[in-house]
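Small disclaimer: the values here were computed from a predicted structure and weren't measured. A, B, ... follow the sequence lines: proteins, then strands. Residue 1 opens every chain.
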Number of protein chains: 2
Amino acid sequence: MGSASNAELAPLLRKLESIATLSDPAREAVAALPMTVRVVEARHDLARDKDRPTHCCVVLTGWACRCKLLDEGRRQILSFHVPGDIPDLQSLHLKVLDHSLGTVTQCRVGFLPHEALRELSVRFPDAASALWRDTLIDASIFREWMTGIGRRTAHGRIAHIICEMYLKLHAVGLAENDRCPWPVTQTDIGDALGLSNVHVNRVLGDLRAQGLIGPRERDLVILDWDALRALGEFDETYLHMERKAAA
Amino acid sequence: MGSASNAELAPLLRKLESIATLSDPAREAVAALPMTVRVVEARHDLARDKDRPTHCCVVLTGWACRCKLLDEGRRQILSFHVPGDIPDLQSLHLKVLDHSLGTVTQCRVGFLPHEALRELSVRFPDAASALWRDTLIDASIFREWMTGIGRRTAHGRIAHIICEMYLKLHAVGLAENDRCPWPVTQTDIGDALGLSNVHVNRVLGDLRAQGLIGPRERDLVILDWDALRALGEFDETYLHMERKAAA
DNA sequence: CGCTTCTTTGAGCAGCATCAATACTGGTGG
DNA sequence: CCACCAGTATTGATGCTGCTCAAAGAAGCG
């Protein structure tokens with residue numbers, strides 16, 4: 001456990017300022033939020049379905065994801081989260097969690113007491129708006145994923161999520177030069193997109209063979225933006241970004 | 001066009017009180033919101049993708065839906081809306097619409113100026129919480145639909161949406177005795193669940209043959225709740241209702 | 001270097017899409 | 001009152017997309 005500090009909260013501030021404009025007092029109030037920090041190993045739960053959390057989590061480093069578990073091991077990943085995200089901000093107003101939250105990679109995670117966030121919201125309406133807006137963008141991404149899963153081909157879905165994750169990472173300074181971290185397994189991608197891991201593998205193979213993305217390595221390399229955008233019918237409006245990037 | 005009145009706003013109040021608790025002053029402030037009312041015919045747009053609305057819509061009677069349109073006539077319906085719902089509440093904080101909103105049946109629709117809602121939010125924090133909460137439940141339903149489309153069979157998805165719509169209608173007093181209005185076409189259901197209209201027809205036929213729902217008529221009749229719940233793995237937690245029904 | 005996790009590849013198949021034709025239903029006007 | 005019409009529901013035939021099962025490479029890690 002650590003204690004609150006401006007440095008620790010930098011990812012959150014950068015994220016909020018990539019989607020909204022904060023007044024100086026609001027920014028300072030966010031930076032002064034009490035936060036405890038923990039390092040959580042990869043593939044561990046941060047909160048479970050049916051929990052009644054008293055804190056919200058901020059991802060400071062690493063990737064997290066939210067998911068629902070069904071019968072017979074079926075899993076639906078609902079979202080991926082990168083530094084600056086507050087994946088369970090909705091728990092501020094929905095007492096019971098309707099899904100689980102866990103790490104994908106090892107993460108540094110900050111815990112913000114609901115009480116402090118509620119007080120922030122009442123005292124700084126523009127901070128409240130920024131947080132509300134964050135949850136609305138979250139919902140907008142759900143709509144886009146739903147559309148992909150319901151009505152796009154496997155190739156389109158995968159092209160689309162590549163575009164999305166690159167832009168999300170770029171907005172917080174973690175992607176540059178058409179290259180970004182890609183710590184998720186093909187099974188993760190499948191569970192996010194409603195596909196089997198085997199089929200994800202084959203489609204990624206196709207995209208590589210067609211020169212849209214680079215060969216397998218630690219980072220994902222995007223070789224042909226136009227083709228990916230076209231294949232995934234990608235239109236970034238739904239990300240509702242205020243500015244292009246923070247880096 | 002009409003003008004604001006308590007009677008017109010009753011569906012909105014009933015909906016908000018089914019998901020949150022309002023203080024007396026907040027309830028009165030909601031009832032005093034300025035609203036213009038229009039009757040909109042079935043299958044007409046209320047707002048379009050890329051619009052920058054200055055009002056939010058409240059459904060007063062009838063059903064509405066939100067959808068995204070893709071190439072080659074593909075369509076994804078994102079949600080269905082019944083009286084009391086504010087389908088585009090997110091436009092209060094997201095300037096550009098990322099999808100369209102239209103009527104399913106003929107509707108009476110109320111239009112609430114963003115300005116009035118923003119003022120309400122600042123003056124009555126518990127009204128703001130209720131509205132924020134409403135958008136969070138919206139998002140929760142998106143997560144559930146995403147899970148269904150991604151990981152449930154066609155039979156499960158259809159069973160699930162039947163359970164969901166019945167409960168939503170029941171919460172605002174529009175469903176009783178395992179019977180509820182069902183004004184959507186099989187193509188609508190398909191576009192909501194990522195299925196073809198033909199397959200929806202076959203699955204509905206199965207559900208009827210197995211005695212889970214009644215024969216085709218104006219209303220949908222639920223004959224076997226337990227079987228539908230099991231088939232759709234339906235767990236209403238995600239609807240985050242505060243009380244069982246208003247009727 | 002041995003273990004586990006992840007990726008890759010092959011073979012066979014099932015769920016659901018597509019195309020196409022036929023019935024039904026409610027609403028309309030003569 | 002009935003014929004007509006548009007939209008919707010139903011049914012059949014066919015085949016593609018993506019699933020399942022299975023096994024063999026790669027890669028990271030202690």
Notebook entry, point to check: At under 4.0 Å, does any side-chain N or O of A:Arg208 touch on OP1 or OP2 of C:dT7?
Noted result: no
Margin query: What contact category does A:Ser196 fall into here, base, sugar-phosphate, or nothing, at under 4.0 angstrom with non-hydrogen atoms?
Written below: base
Notebook entry, point to check: A:Tyr166 vs A:Trp225 aromatic rings, parallel, tilted or perpendicular, using cut-offs 30° and 60°?
Noted result: perpendicular
Check: Starting at CD1 of B:Ile149 and ending at P of D:dG18, how long is that distance when rounded to a whole Å?
Finding: 15 Å
Note to self: With a sphere of 6.0 Å drawn around CZ of B:Arg218, does it hold more than 12 non-hydrogen atoms of other residues, nucleotides or ligands?
What the structure shows: no
Notebook entry, point to check: A:Asn201 side chain N/O closer than 4.0 Å to the phosphate oxygens (OP1, OP2) of C:dT7?
Noted result: no
Note to self: Using whole Å, what does the distance between atom C1' of nucleotide C:dT7 and atom CZ of A:Arg202 come to?
What the structure shows: 12 Å
Check: Whole Å only: how far is the CG atom of A:Leu195 from the P atom of C:dC16?
Finding: 14 Å
Next item on the list: Taking all non-hydrogen atoms of both residues into account, name the closest pair between A:Glu144 and B:Lys68 and its distance.
Entry: OE1-NZ, 2.5 Å
Check: Counting side-chain heavy atoms from CB outward, which of D:dC21, D:dG18, C:dC19 is closest to A:Val198?
Finding: D:dC21
Notebook entry, point to check: What's the CZ-C1' distance between A:Arg157 and D:dG18, to the nearest Å?
Noted result: 9 Å
Notebook entry, point to check: When the distance from CD of A:Glu72 to P of D:dC19 is rounded to whole Å, what number comes out?
Noted result: 16 Å
Notebook entry, point to check: So what does A:Leu204 hit on the nucleic acid, given a heavy-atom distance under 4.0 Å: a base, only sugar-phosphate, or nothing?
Noted result: nothing
Notebook entry, point to check: Which part of the nucleic acid does B:Gly194 contact within heavy-atom distance under 4.0 Å: base, sugar-phosphate only, or nothing?
Noted result: sugar-phosphate
Next item on the list: Give a yes/no on whether any side-chain N or O of A:Arg216 is located under 4.0 angstrom from OP1 or OP2 of C:dT8.
Entry: yes
Note to self: Under 3.5 Å, is there any donor-acceptor pair linking the side chain of B:Arg43 to the base of D:dG7?
What the structure shows: no
Notebook entry, point to check: If you measure only the distance, is there a donor-acceptor pair under 3.5 Å linking the side chains of B:Gln90 and B:Arg66?
Noted result: yes
Check: Taking for each residue the nucleotide of DNA chain C with the nearest heavy atom, is it A:Gly205 or B:Thr153 whose nucleotide lies nearer the 5' end?
Finding: A:Gly205
Next item on the list: Kindly point out which of C:dC16, D:dT8, D:dG18 is positioned nearest to the side chain of B:Thr185?
Entry: D:dT8
Check: Rounded to the Å, how far apart are B:His199 NE2 and D:dT14 C1'?
Finding: 15 Å
Margin query: I need the A:Arg75 CZ to A:Ser100 OG distance, nearest 0.5 Å.
Written below: 10.5 Å
Notebook entry, point to check: What is the distance from CZ of B:Arg151 to P of C:dG15, rounded to the nearest Å?
Noted result: 16 Å
Check: Rounded to the Å, how far apart are B:Asp206 CG and C:dG15 P?
Finding: 12 Å
